[in-house]
Each structure stands twice: as structure tokens, then as C-alpha cells.
Novice: 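Below: one structure in C-alpha cells.
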Amino acid sequence: MRMSKLFVQTLREYPSDAEVISHKLLVRAGYIRKLANGIYNYLPLMQRVLKKVEDIVREEMDNAGAQELLMPFVQPAELWQESGRWDVYGKELMRLKDRHSREMCLGPTHEEVITSIAREGIHSYKQLPVNLYQIQSKFRDEIRPRFGLLRGREFIMKDAYSFDADEEGLDKSYNIMAEAYKRIFERCGLETKMVQSDSGAIGGSVSHEFMVLVNENAENNAGENDVFYCTKCGYSANSNHAVSVLNPVETDGHFDSAKIVDTPDTHSIEELSKFLNIPQSVICKCLIYVVDGKYIAALIRGDRTIEETKLMNAFQGNDIRIARNDEIEEIMTNSGYTAVAGFIGPKGLKNVELIADETVKDLKNFVIGINQNDKHLIGANWGVDVELPQKITDIRLVEENDRCIDCGASLKVTKGIEVGNIFKLGTKYSKAMNAAFTDKDGQEKPFIMGCYGIGITRTAAAAVERHHDEYGIKWPLAIAPFTVIVVPVSDQDEIQMKVAEDIYNKLLNANVEVLIDDRAERAGVKLKDADLIGIPYRITVGKTIKDNLIEFKNRSNGETETITPDEAVRRIIEIIK
RNA sequence: CGGGAUGUAGCGCAGCUUGGUAGCGCACCGUGUUCGGGUCGCGGGGGUCGCAAGUUCAAAUCUUGUCAUCCCGACCA
């Protein structure tokens, strides 16, 4: 490809609306252009990268025994009503109506459609297992799209779905996918960590995410997930799912007796602990949440934080948020109190479900709100002064240096970009949608399903996050839009141009994806652009051509060598083998 | 949806306080110059100042409304 013909416009400056480096670089280097909020045009260079990623995914999926198909982007509401998700998926699902007022949606994921395909096509255990996948645009009307391709509303995803006759088969399918995923990301030049995670809105039990770990200290960190991991035994989990063993702390307030004391203006645990001169860990914190419209009072030890996904799951909810002040007021009024946030306690709350984190169980002579402003109860004990909620479970956020549940070592935390995700769905969709096969024993059974996603666009963006420098992108070879760029330093110099063209043609003939910068630009412009665009190898034809020498540069490690044009061609051909 | 900010040429920005001919850099077109890290000069094209109403002789500038975008929280590949 000739630079003079390539449709690409590099910018002198970063776009003002970009925050993270992959977004900045992809726009500036002419890979993408925003069309609307969270919706991007993939320009020719980007399309080449995406194709590379897709082809790696295809190869590994095919090798893993999966078959590619393509499902419609527009889906009828009926299917979603069958699965029950039409009502629970929320605003993220882009809904629309056709000319007959029939309700449709733009597919954010395809469990419903694939399940309908399976129920029409698979009738016998003899046809199982089956794994079907597609690579397609998805639409999710995200509350807040951001970070360029890392969180778009429309994005490209590979989604695969497995159908098995039993749990054992699912385990097998699941492991095959996990292995394929490891290879896919490795081939894309991305080191990933497979971590345990919450299964979220898609449903199911077991799930893992593939995280690209990003340096926490980096400016404008694009990692949206906290990953807790154990350096000793390898345990790792998304913060929404991580569990831990706590380090011992003081849980006895050592108050002689229970009494109500004045604690003016102590709206936070920190203020309260300072005022009473006690550790935060002898305070019982009470927070009001709204889960699917129901009020929940959640108790947790003062020094710990609630993990909202865990709390939501404890009530099998789909939606959670902290209660607004007017909602707290409503609860207080209904319960005959007037307290504001900061002084709330579980005692006497009406129309509020109670839940406690395990951390509050062992508290003795502790401090707790009693729904009176500027007052707290000190020296409280469960069963004497306050009843311990019946529902007790783990709803806390793990913290760094908590101990590993498996081996007891100290846990660390890092940020991660989730590029892939695998779920054991079980029979959630097959049961709801009546998708079944006849098993060996002649009985009709629902399919045991799994689903497996890879964000194609996100993977490409994550690669930029991981591989760049101050000059631009440093694409991993396997997903680079071109392997090599040939740069004649001066378009005025006939010999340079001739040698450059010669190298270009030899590489073309050897099926190398090669760019030649034949533009009438100065050297500086061409070299800056080559770095910005991030082509892995650069062959610069300059003055030294009089000695039959060119410069051969490796973009990723910056190493340059002075070698002959023929040697350069040979090297490149060797590299792509 | 809550909190904060911003909308002026394709991109990056100034002008707005104190109303009066819409500017700069990059990019683009012409021309000369230069030629291994975004040369330099001359000439040129391109903007209903997000949109709508209002105030005024006069609005990019003041007022109100509205839309959009970005950042922080809930979502997820």
C-alpha cells in the first residue's frame, strides 16, 4: 500500500475529548473517528487491525471445535420476553419499533437467539456438544460510554455459545474455551490474567474474566476493574467477586455498659471514631440501599466497605444504588424516627430488609446508630441491645493485604481491562425458552449452556494501552495493520526512491503487508507518522544508500541496524514466517 | 440519573469580563524555498460562533431555555 493513497489523516495534536492513551492515539494516528457518543468509525487502518484480531480469534475458535455463524443484529422482543430479560435488562437494551409497532431491540448479546437456534436444530444427545460463535457488532446503550474503544456503545464482539448434555460436558467445553482464550490473547501480544468474577446480568454460576493488567501508577488509568490476586498460590478475582480472610483487628469496644451518648456532627465513621476515640472496627456501620426498588439496610464493620455487586446478589437483584436522602427520610418517617444518614441503625426500621456482613457477627460492646440525630449507642451487644439480622453473608469489598482464602498469603490489587469473559450459564436460558434435547435415557432435558465473549475492539484498544510510547503506538506484530513501512528520506533523490520502490516490490511479491511512504513530505513528517501509526518495522532509505546500506528499525524496542536492502528484505520475510 | 466543566473553520485554541467588521496555530489550495525527526516565506479558500427565544439601534459576547460533548459515581466485552 502506498501512503500517498492510503486513507489516513494523522493529527498534529491529541483530540481534546480523549482521556486515555488508546483513545488519544487511535484518533490522532487516524485509526478511528467518533460518529456519535460511544460510536466510532473504524477507518482503513483500524479495520486492518480488527481483521487481524478477528482472524486470530477465528483460527483459535475453529481449532477448539467451534463453528462460526452470524445472527441478526436486530432481534424481536418476543425472544427476550421468553427468556424474561425484556423486563429486566433495563435501559442498556436499545429498543425500537418497526413500522407495524412491533417491538425489537439491537442485540447487546445473543443468548436468546442462539437458544432459539439450538432448540430448532438440536434434538438428540448425539448432536452434542455444539459450540457456535459469531463476530459481530453489539449495541449496549451504556450509561456512560467513555475511553474511546474501551467502552463504546457499539462495539465488535466475538460471542460463542456451547451446548452440552450434562455438567461434565459443560466443564469440558468451558475448559476448552479457557485454553483457547489464553492462546488468543497471547497471540495478540497481550498478557492476561484469568480471574474469577461475578456473573452479572447474563446469569449463570461460574464465570471468569480475562484481564489485561495495566500499571496502576500510569496516568489516566484505563483499567476499570480492580483485580485482587495472590502472589503465592495464584488465586485471583475481580473485586466484585473476590473473597478473603481478614487480618485480626480489635472487635471489642470495651465499654462497661450499653448507653446512648451524644455524638454531635459525626456523620461519617471516621468522624465518629475520632470523636469517641475508638478504632473504626468496633463500630457497626448501617447503610441504606435500594435493590430493585426495595429498601435494604446493610450492616458492616466500620473499617470495611460494602461490595455492591455482592449485596445485590444476596437479594438476587438486578439493580442497586445507595438510597437518596429523601428515601431515607421516608423510611425514618415510616418508622417513627427523624435521623439522617450517619445516625441510622437497624433497630425499629419498618419496610426495610436487613442484611449483615460476616464482619459484624463478632462485634462486642460496639457502637451503632439508633436513628437519633447526633447520638449513638455505645457498648451494644447482639441479642441484648440490638438484634443481629438473620441474613448474614459476605457482602464486603476485599482490601489489599487481606489474606488469601486458599493459602493465607497477603492479597495484592491491580487494575485490569476486561477483554474476555467466560460463563457457565447452565440451564438458565434453555429452561426459560424450553430448549431441550432427548438424552440417552429417552428423557427430554434442557441444554446445559456456556457463553464466551471477547471484545474485539476492546482487545485492539487494550493492545494500544499496553504497547505505546511518547511517539505513538507500538503494535504487536500479529495485529499490526502493516508489518513494515519503507521510507525514502527524500522524494527528490532518484536513487533513494528507486531502491525504496525496489524493496517495496520485493516485499509485496513475498506477500508481506508493506507500506511505502511515497508522499512528497519531508523526512521528519514521514518518520513521525511511521512512529505514530506504529508499524512494527521501518526500512529507511537515506543517504547511506550510496554504500548500499539502509536503516532497519524495530519499533517496539527501538533498535536500529544498518544493513543492505537485500538483507532487510530477507529479515522481514524471515520475521513473518 | 446525581455532581463538575465545555460548546467559535476538519483538528487544537483565543476573543466573551467592559455588546459594534470573527481571529491564531495546524490541516487544505497556489507558489517559491528546504530536504534524516512535524523547514521557512508569500498568496488564498473555508465559520448561520451548538440550537432557540429574549434584551438592544446592534449579540460569539448579556438573559432564559434547550441540545450535545467531556470528567467523577452506578454498567460491562
Side-chain angles (χ1 to χ4, degrees), chain A residues 9-20 23 27-28 30 33-34 36-38 53 57 89-93 108-109 135-160 181 197-202 207 209-212 220 224-225 238 240 289-291 308-309 312 318-322 324-326 417-423 451-462 471-472 487-493 496 520-532 538 540-545 550-551 553 560:
Chain A
Q9 297 84 40
T10 58
L11 303 175
R12 197 77 168 253
E13 287 158 288
Y14 287 126
S16 65
D17 60 357
E19 186 77 3
V20 299
H23 187 192
V27 173
R28 187 174 160 201
R33 199 95 198 218
K34 183 164 69 184
N37 191 10
V53 177
V57 169
Y89 209 98
K91 288 183 180 168
E92 218 177 291
L93 182 63
T109 172
I135 295 176
Q136 191 208 36
S137 286
K138 295 278 184 271
F139 196 95
R140 294 183 189 173
D141 200 358
E142 296 275 352
I143 300 161
R144 186 152 86 86
R146 57 180 155 178
F147 297 163
L149 295 192
L150 287 172
R151 178 170 298 279
R153 289 195 293 172
E154 184 177 319
F155 58 99
I156 300 173
M157 176 169 156
K158 184 283 301 179
D159 46 327
Y181 273 36
S197 78
D198 178 63
S199 39
I202 293 176
S207 88
E209 293 167 340
F210 285 78
M211 295 282 188
V212 172
N220 298 327
E224 293 188 86
N225 300 274
N238 190 314
N240 65 20
Y289 279 88
V290 183
V291 176
E308 296 186 355
T309 303
M312 185 174 77
N318 287 301
D319 179 60
I320 185 168
R321 60 180 172 81
I322 195 106
R324 296 187 307 261
N325 284 337
D326 61 291
I417 300 169
E418 181 193 348
V419 288
N421 199 326
I422 55 179
F423 290 99
C451 76
Y452 317 91
I454 288 179
I456 302 289
T457 34
R458 185 182 279 182
T459 298
Y471 303 108
V487 183
V489 166
S490 168
D491 66 308
Q492 317 273 301
D493 186 315
Q496 286 182 24
E521 290 286 354
R522 290 170 58 87
V525 175
K526 293 193 271 197
L527 298 177
K528 287 276 186 198
D529 273 347
D531 285 348
L532 181 61
R538 189 181 81 200
T540 314
V541 184
K543 281 180 191 146
T544 54
I545 199 60
I550 56 88
E551 181 193 82
K553 182 167 183 181
T560 63

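Letters A, B, ... mirror the listed sequences (proteins, then strands); counts begin at 1. Keep in mind the model is a prediction, meaning the values are calculated, not measured.
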Novice: With stacking defined as ring centroids separated by under 5.5 Å and planes differing by under 30°, is A/F155 stacked against B/A77?
Specialist: yes

Novice: Using a cut-off of strictly less than 4.0 Å, decide whether A/N37 has a side-chain nitrogen or oxygen near OP1 or OP2 of B/A68.
Specialist: no

Novice: Check if the side chain of A/R538 and the base of B/G37 share a donor-acceptor pair of N or O atoms closer than 3.5 Å.
Specialist: yes

Novice: Nearest-nucleotide wise, let me know which of A/G152 and A/K553 is further upstream toward the 5' end of RNA chain B.
Specialist: A/K553

Novice: Atom CG of A/D529 and atom C1' of B/C26: how far apart are they, to the nearest Å?
Specialist: 13 Å

Novice: With a 3.5 Å cut-off and no angle check, do the side chains of A/N225 and A/E418 form a donor-acceptor pair?
Specialist: no

Novice: Mind calculating the distance between CD (A/E19) and C1' (B/U6) to the nearest angstrom?
Specialist: 14 Å

Novice: From the set B/C70, B/C75, B/A77, return the single nucleotide nearest to any side-chain atom of A/T309.
Specialist: B/C75

Novice: Strictly below 4.0 Å: does A/S16 bring a side-chain N or O up to OP1 or OP2 of B/C13?
Specialist: yes

Novice: Distance between the C1' atoms of B/C13 and B/U6, in whole angstroms?
Specialist: 13 Å

Novice: Taking the same atom, P, in B/C75 and in B/C16, what whole-Å distance lies between them?
Specialist: 44 Å

Novice: Could one point to a donor on the side chain of A/R28 or the base of B/C11 with an acceptor on the other under 3.5 Å away?
Specialist: no

Novice: Can you tell me how far P in B/G46 sits from the matching atom in B/G10, rounded to whole Å?
Specialist: 13 Å

Novice: Report which part of the nucleic acid A/Y471 touches: base, sugar-phosphate, or nothing (heavy-atom distance under 4.0 Å, all strands).
Specialist: nothing

Novice: Is it true that A/K543 and A/D493 make a salt bridge, defined as a side-chain N closer than 4.0 Å to a carboxylate O?
Specialist: no

Novice: How would you list, by chain and number, every residue that makes a ring pair (Phe, Tyr, Trp, His ring centres under 6.0 Å) with A/F210, sequence neighbours excluded?
Specialist: A/Y181, A/F185

Novice: For the base of B/C76, is there a side-chain donor-acceptor partner from A/R458 under 3.5 Å away?
Specialist: yes

Novice: Between B/C35 and A/Q492, counting only base atoms on the nucleotide and side-chain atoms on the residue, is there a donor-acceptor pair under 3.5 Å?
Specialist: yes

Novice: Determine the Euclidean distance between corresponding P atoms of B/G19 and B/C57; express it in Å to zero decimal places.
Specialist: 15 Å

Novice: Do A/E551 and B/G36 have a side chain to base donor-acceptor pair shorter than 3.5 Å?
Specialist: yes

Novice: Between B/U66 and B/C29, how many Å separate the two P atoms, rounded to a whole number?
Specialist: 44 Å

Novice: Taking only the side-chain heavy atoms of A/R146 (C-beta and beyond), determine which of B/G36, B/C76, B/C75 contains the nearest atom.
Specialist: B/C75

Novice: Within the structure, does a side-chain N or O atom of A/K138 lie under 4.0 Å from either OP1 or OP2 of B/A77?
Specialist: no

Novice: Using the closest heavy atom to pick a nucleotide of RNA chain B for each, name whichever of A/E209 or A/T544 lands nearer the 5' end.
Specialist: A/T544

Novice: Could one point to a donor on the side chain of A/R140 or the base of B/C76 with an acceptor on the other under 3.5 Å away?
Specialist: no

Novice: P atom, B/G50 versus B/C11: distance in rounded Å?
Specialist: 14 Å

Novice: If you measure from the P atom in B/C62 to the same atom in B/A14, how many Å do you get, rounded?
Specialist: 15 Å

Novice: Can you figure out which of B/G36, B/C76, B/C13 approaches the side chain of A/N225 most closely?
Specialist: B/C76

Novice: Give a yes or no answer on whether the side chain of A/R153 reaches the backbone of A/N37 with a donor-acceptor pair at less than 3.5 Å.
Specialist: yes

Novice: From the list B/C71, B/G37, B/U69, which nucleotide is the closest neighbour of the side chain of A/L527?
Specialist: B/G37

Novice: Just to verify, what does A/S490 make a side chain to side chain donor-acceptor pair (under 3.5 Å) with, not counting sequence neighbours?
Specialist: none

Novice: At less than 4.0 Å, is any side-chain N or O atom of A/R522 found next to OP1 or OP2 of B/U34? Yes or no.
Specialist: no

Novice: If you check the A/T457 side chain, which of B/G36, B/C11, B/A77 turns out closest?
Specialist: B/A77

Novice: Which one, B/G36, B/C75, B/C72, comes nearest to the side chain of A/E92?
Specialist: B/C75

Novice: Between B/G36, B/G37, B/C71, spot the one nearest the side chain of A/D531, thanks.
Specialist: B/G37

Novice: Taking only the C1' atom of each, what is the distance from B/U33 to B/C70 in whole angstrom?
Specialist: 42 Å

